[in-house]
Chemist: 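The structure is given below, and queries will be raised subsequently.
Each residue takes its place number in the sequence, starting with 1.
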Amino acid sequence: MDLIIRDARILRDGELVGVDIAVQGKTIAAIAPSLAADGPELKAEGCLVLPGLIETHIHLDKTCILDRCRLEEGTVAEAVRETAAAKRGFTVEDVYDRGKRTLERCIGHGTMRMRTHVELDPGIGLIGLEAVEQLARDYAWAIDVELCVFPQEGLTNYPGTEELLIEGLRRGARTIGAVPYFDTDPREQIDRIFAIARDFDAEIDMHLDLAETTQGMQIEYVCRKTEEFGRGGRVAVGHVTQMSLLPPERFGEIATRLANAGVAVTILPSTDLHLMGRSHDHVVPRGVVAAEPLRKAGVTCSISTNNVLNPFTPYGDGSLIRMANLYANVCHVSRPADLASCLDMVTGSAAKLMRLDDYGIRVGAPADLVCIDATNPTDAVATLAQPLWGFKRGHRSFTRPRVEIHRHTH
Ligand SMILES: [Zn+2]
């Protein structure tokens, strides 16, 4: 064997099992307790080993631009305005350099699969797309990056945008996104996106229902379109902060609707906490939609980073475990099983949302392995456990040494 990982704990059908994992080439060759195999060994020391973390929703093209923007209101409108202004100065090299900084942070925190949104419109043209395509190629040794092209500044209101989205899909983007609330008629944008997705057999991943009241929600319309176009299981929506303002009965109705239509939900806790509640000067709503009742209704949910160091989210280190912990803290998640489900939303459920068929620790799967400094998923989320090392397709991709305490005896 090329590598044998000893004394790992992995999740198998939701249960923790202690195993050794043997890797040959790029693939997991054997998994068993006390495996009889020869080769270089690495001790996991009873720690949790995961098949890599999954970022289903991030924006590499507009990351790390805080130094070019002014933040005063902290509103969605300001974030869009400031980012659009900064965007005018973007070049391929600039997008590449900033995207690289955030991508390397993500890799160093154990992320091995990613769907990144890329803005296309006549202003930016293909600059963002070219840079992110290059990043995806240059970092393929550490992470699988999938592109989602989308019209951040509007589709039907911004002539020329649709042609660019189509160009992006022709060049290989697997997913098309949307921001319906930026067009005069949000439903017209939703209709166009579903039509384009059908033509290109693309996945759909929309920014949806990001607002501070329950007026004008489009989520049920998206469910209807998903059914009409027969795209159940291939549609995801991010944010849906408006749902967090609904009483349980109405929330439950929509949860059932989402589950039946096959529409997944991505929770973006850091962005939503930053952008929501700005119209309140006390009793500020959190604006983060709760995953537990959605999951109970059968909705696939993921937790993701969305933005790092820009006007949409002036924070970030690319850590998905931190994001899972933040979500748990904000949404009052405290029972051990529910904390464990927060880890699932950055691993197994995230893979389901992205339809990654080859994800998981099993014989024949890619040797994507990340060791977390915890013995179980609940502790991993509760203690913000650090990833210690990772292998992507059998090759070591990062190491994060544990803290060393220098004890004085006098
Ligand atoms: Zn986003």
Chemist: Just wondering, do S397 and F391 contact through their side chains at under 4.5 Å, heavy atoms?
Modeler: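 Counting from C-beta outward, F391 and S397 never come under 4.5 Å.
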
Chemist: Checking D121 against T161: is there a side-chain donor and acceptor pair closer than 3.5 Å?
Modeler: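 No, no side-chain donor-acceptor contact under 3.5 Å.
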
Chemist: If we only count heavy atoms from C-beta on, is the L246 to I254 side-chain gap below 4.5 Å?
Modeler: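 Side-chain contact under 4.5 Å: yes.
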
Chemist: Under a 4.0 Å N-O cut-off, is there an ion pair linking E15 with R12?
Modeler: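 No, no charged N to carboxylate O under 4.0 Å.
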
Chemist: Is there a side-chain contact between T102 and C64 in this structure, where contact means two heavy atoms from C-beta onward sitting under 4.5 Å apart?
Modeler: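 In short, these two side chains touch, coming nearer than 4.5 Å.
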
Chemist: Taking the six-membered ring of F312 as reference, does the NZ or CZ atom of K62 fall below 6.0 Å from its centre and within a 45° cone about the axis?
Modeler: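 That pair qualifies as a cation-pi contact.
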
Chemist: If only atom types and distance count, is the side chain of T226 paired as donor or acceptor with the main-chain N or O of V263 below 3.5 Å?
Modeler: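 Between the backbone of V263 and the side chain of T226 there is no qualifying donor-acceptor contact (under 3.5 Å).
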
Chemist: Is it true that, when you exclude R187 itself, more than 12 heavy atoms of the residues, nucleotides or ligands shown sit nearer than 6.0 Å to its CZ?
Modeler: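 Enclosed: over 12 neighbouring heavy atoms sit under 6.0 Å from CZ of R187.
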
Chemist: Measure up the H59 and H207 rings against each other and bin them: parallel (under 30°), tilted (30 to 60°), perpendicular (over 60°).
Modeler: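 Plane angle between 30° and 60°, so tilted.
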
Chemist: Any salt bridge linking E133 with R171? Criterion: basic side-chain nitrogen under 4.0 Å from a carboxylate oxygen.
Modeler: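 Result for this pair is yes, salt bridge flagged.
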
Chemist: Using side-chain heavy atoms (C-beta onward) and a distance below 4.5 Å, is T266 in contact with L353?
Modeler: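 Yes, close enough: below the 4.5 Å cut-off.
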
Chemist: Taking the six-membered ring of F90 as reference, does the NZ or CZ atom of R98 fall below 6.0 Å from its centre and within a 45° cone about the axis?
Modeler: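 Flagged: R98 positioned over aromatic ring of F90.
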
Chemist: Are any of the side-chain nitrogens in D317 or R105 under 4.0 Å away from the carboxylate oxygens of its partner?
Modeler: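 Result for this pair is no, no salt bridge flagged.
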
Chemist: Cut-off 3.5 Å, side chains only: do D209 and H239 have a donor facing an acceptor?
Modeler: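 Judged by distance alone, the side chains do not pair up.
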
Chemist: Any side-chain heavy-atom pair from V370 and V49 closer than 4.5 angstrom?
Modeler: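 Of all side-chain heavy-atom pairs linking V49 with V370, none is under 4.5 Å.
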
Chemist: Strictly by modelled atom types, are T300 and S349 linked by a side-chain donor-acceptor pair under 3.5 Å?
Modeler: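 There is no such pair between these side chains.
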
Chemist: Would you kindly say whether Q189 and T156 are connected by a side-chain donor-acceptor distance under 3.5 Å?
Modeler: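 No donor-acceptor contact under 3.5 Å links the two side chains.
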
Chemist: Is the side chain of D368 donor-acceptor paired with the backbone N or O of R393 at a distance under 3.5 Å, no angle test?
Modeler: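 Yes: the side chain of D368 pairs with the backbone of R393.
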
Chemist: Could you check whether any side-chain heavy atom of R9 comes within less than 4.5 Å of a side-chain heavy atom of L50, counting everything from C-beta outward?
Modeler: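 R9 vs L50: side chains apart.
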
Chemist: Without swapping roles, check the side chain of N325 against the backbone of V381 for a donor-acceptor pair under 3.5 Å.
Modeler: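 Yes, the answer is positive, given that a donor and an acceptor are paired below the 3.5 Å cut-off.
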
Chemist: Are any side-chain N or O atoms of Q152 and backbone N or O atoms of L120, one a donor and one an acceptor, separated by less than 3.5 Å?
Modeler: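 Absent.
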
Chemist: Run the numbers on E227 and R257 for side chain to side chain contact (heavy atoms under 4.5 Å, CB included), then give the verdict.
Modeler: CA-CA 11 Å; E227 284 166 346; R257 189 84 185 82; 3.2 Å; yes

Chemist: Evaluate the criterion side chain to side chain contact (heavy atoms under 4.5 Å, CB included) for residue pair E73 and R81; output intermediate values, then yes/no.
Modeler: CA-CA 11 Å; E73 303 160 9; R81 204 168 61 230; 3.4 Å; yes

Chemist: Looking at D344 and R295, is any side-chain nitrogen of the basic one under 4.0 Å from a carboxylate oxygen of the acidic one?
Modeler: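 Yes, charged N to carboxylate O under 4.0 Å.
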
Chemist: Indicate yes or no for a side-chain donor-acceptor contact from R70 to the backbone of D67 under 3.5 Å, with no hydrogens or angles considered.
Modeler: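 The answer is no, because no donor-acceptor pair under 3.5 Å joins these two groups.
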
Chemist: Would you sort out whether M114 and D144 count as a side chain to side chain contact (heavy atoms under 4.5 Å, CB included), showing the intermediate values?
Modeler: CA-CA 6 Å; M114 172 182 282; D144 300 311; over 6 Å; no

Chemist: Should the heavy atoms of other residues, nucleotides or ligands under 6.0 Å from NZ of K352 be counted, would the total exceed 12?
Modeler: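 Check fails, neighbour count at 12 or below.
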
Chemist: Which residue pairs pass the salt bridge (Lys or Arg N to Asp or Glu O under 4.0 Å) test with at least one member in residues 233-245, sequence neighbours excluded?
Modeler: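 Output for this query lists D201-R234, E203-R234.
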
Chemist: Considering only NZ, NE, NH1 and NH2 on the basic side and carboxylate oxygens on the acidic side, decide whether E119 and K87 come within less than 4.0 Å.
Modeler: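 Between K87 and E119 there is a salt bridge, with a charged N closer than 4.0 Å to a carboxylate O.
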
Chemist: For residues M323 and S304, report the shortest heavy-atom separation together with the two atoms involved.
Modeler: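 Looking at all heavy atoms of both residues, the shortest contact is CG-O, 3.4 Å.
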
Chemist: Taking atom types as modelled, find out whether Q218 and Y181 have a side-chain donor-acceptor pair closer than 3.5 angstrom.
Modeler: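 Side-chain D/A pair, Q218 to Y181: absent.
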
Chemist: Does the pair R402/E45 count as a salt bridge with the N-to-O cut at 4.0 Å?
Modeler: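 Between E45 and R402 there is a salt bridge, with a charged N closer than 4.0 Å to a carboxylate O.
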
Chemist: Where is the tightest heavy-atom contact between P269 and Y327, given as atom of each residue plus distance?
Modeler: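 Taking every non-hydrogen atom into account, CG-CB, 3.8 Å.
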
Chemist: With sequence neighbours left out, which residue pairs that include part of residues 16-33 fulfil the side-chain hydrogen bond (donor to acceptor under 3.5 Å, both in side chains) condition?
Modeler: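 Output for this query lists R6-D20.
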
Chemist: Whether E292 and K296 form a salt bridge (side-chain N of Lys/Arg under 4.0 Å from carboxylate O of Asp/Glu) is what I want to check.
Modeler: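 Looking at K296 and E292, the cut-off is not met.
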
Chemist: Work out which heavy atom in V299 is nearest to a heavy atom in A255; give both atom names and the distance.
Modeler: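 What the structure gives for the nearest pair is CG2-O, 3.4 Å.
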
Chemist: For V308, is there any backbone N or O sitting under 3.5 Å from a side-chain donor or acceptor partner on T63?
Modeler: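 The answer is yes, because a donor-acceptor pair under 3.5 Å joins these two groups.
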
Chemist: Charged N to carboxylate O under 4.0 angstrom, D138 versus K100?
Modeler: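 Between K100 and D138 there is no salt bridge, as every charged N stays at least 4.0 Å from the carboxylate O atoms.
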
Chemist: Short question: side chain of E78, backbone of G74 - any donor-acceptor pair under 3.5 Å?
Modeler: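 Yes, the answer is positive, given that a donor and an acceptor are paired below the 3.5 Å cut-off.
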
Chemist: Give a yes or no answer on whether the side chain of D183 reaches the backbone of P186 with a donor-acceptor pair at less than 3.5 Å.
Modeler: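 Here the side-chain-to-backbone pair does not exist.
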
Chemist: If we ignore angles and hydrogens, is there a donor and acceptor under 3.5 Å between the side chains of T213 and Q242?
Modeler: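 Looking only at side-chain atoms, Q242 and T213 do not form any donor-acceptor pair under 3.5 Å.
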
Chemist: Are any of the side-chain nitrogens in R192 or E162 under 4.0 Å away from the carboxylate oxygens of its partner?
Modeler: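 A salt bridge links R192 with E162.
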
Chemist: Side-chain donor-acceptor pair under 3.5 Å between N157 and T184, yes or no?
Modeler: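 T184 and N157 do have a side-chain donor-acceptor pair below 3.5 Å.
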
Chemist: More than 12 non-hydrogen atoms from neighbouring residues, nucleotides or ligands closer than 6.0 Å to CZ on R335, yes or no?
Modeler: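 Counting neighbours around CZ of R335, 12 or fewer heavy atoms of other residues, nucleotides or ligands fall under 6.0 Å, so no.
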
Chemist: Indicate yes or no: at least one non-hydrogen side-chain atom of F182 is less than 4.5 angstrom from one of L155.
Modeler: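 No, every pair of side-chain atoms sits at 4.5 Å or beyond.
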
Chemist: Evaluate the side chain to side chain contact (heavy atoms under 4.5 Å, CB included) criterion for residues L320 and T305: first the C-alpha distance (whole Å), next the side-chain angles of each, then the deciding distance (0.1 Å), finally the verdict.
Modeler: CA-CA 7 Å; L320 278 169; T305 298; 3.8 Å; yes

Chemist: If you measure from the Lys or Arg side-chain nitrogens to the Asp or Glu carboxylate oxygens, is any gap between R250 and E220 under 4.0 Å?
Modeler: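 E220 and R250: salt-bridged.
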
Chemist: Spell out, as yes or no, whether a donor-acceptor pair under 3.5 Å connects the side chain of R113 to the backbone of I54.
Modeler: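 No; judged by distance alone, with no hydrogens or angles, the pair does not exist.
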
Chemist: Looking at side-chain heavy atoms only, is the closest gap between V132 and Y96 below 4.5 Å?
Modeler: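 Contact flag for V132/Y96 side chains = no.
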
Chemist: Checking T271 against T313: is there a side-chain donor and acceptor pair closer than 3.5 Å?
Modeler: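 A donor-acceptor contact under 3.5 Å links the two side chains.
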
Chemist: Would the distance check show the side chain of T347 and the main-chain N or O of L343 forming a donor-acceptor pair, the cut-off being under 3.5 Å?
Modeler: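 Indeed, once roles are kept as given, a pair shorter than 3.5 Å links the two residues.
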
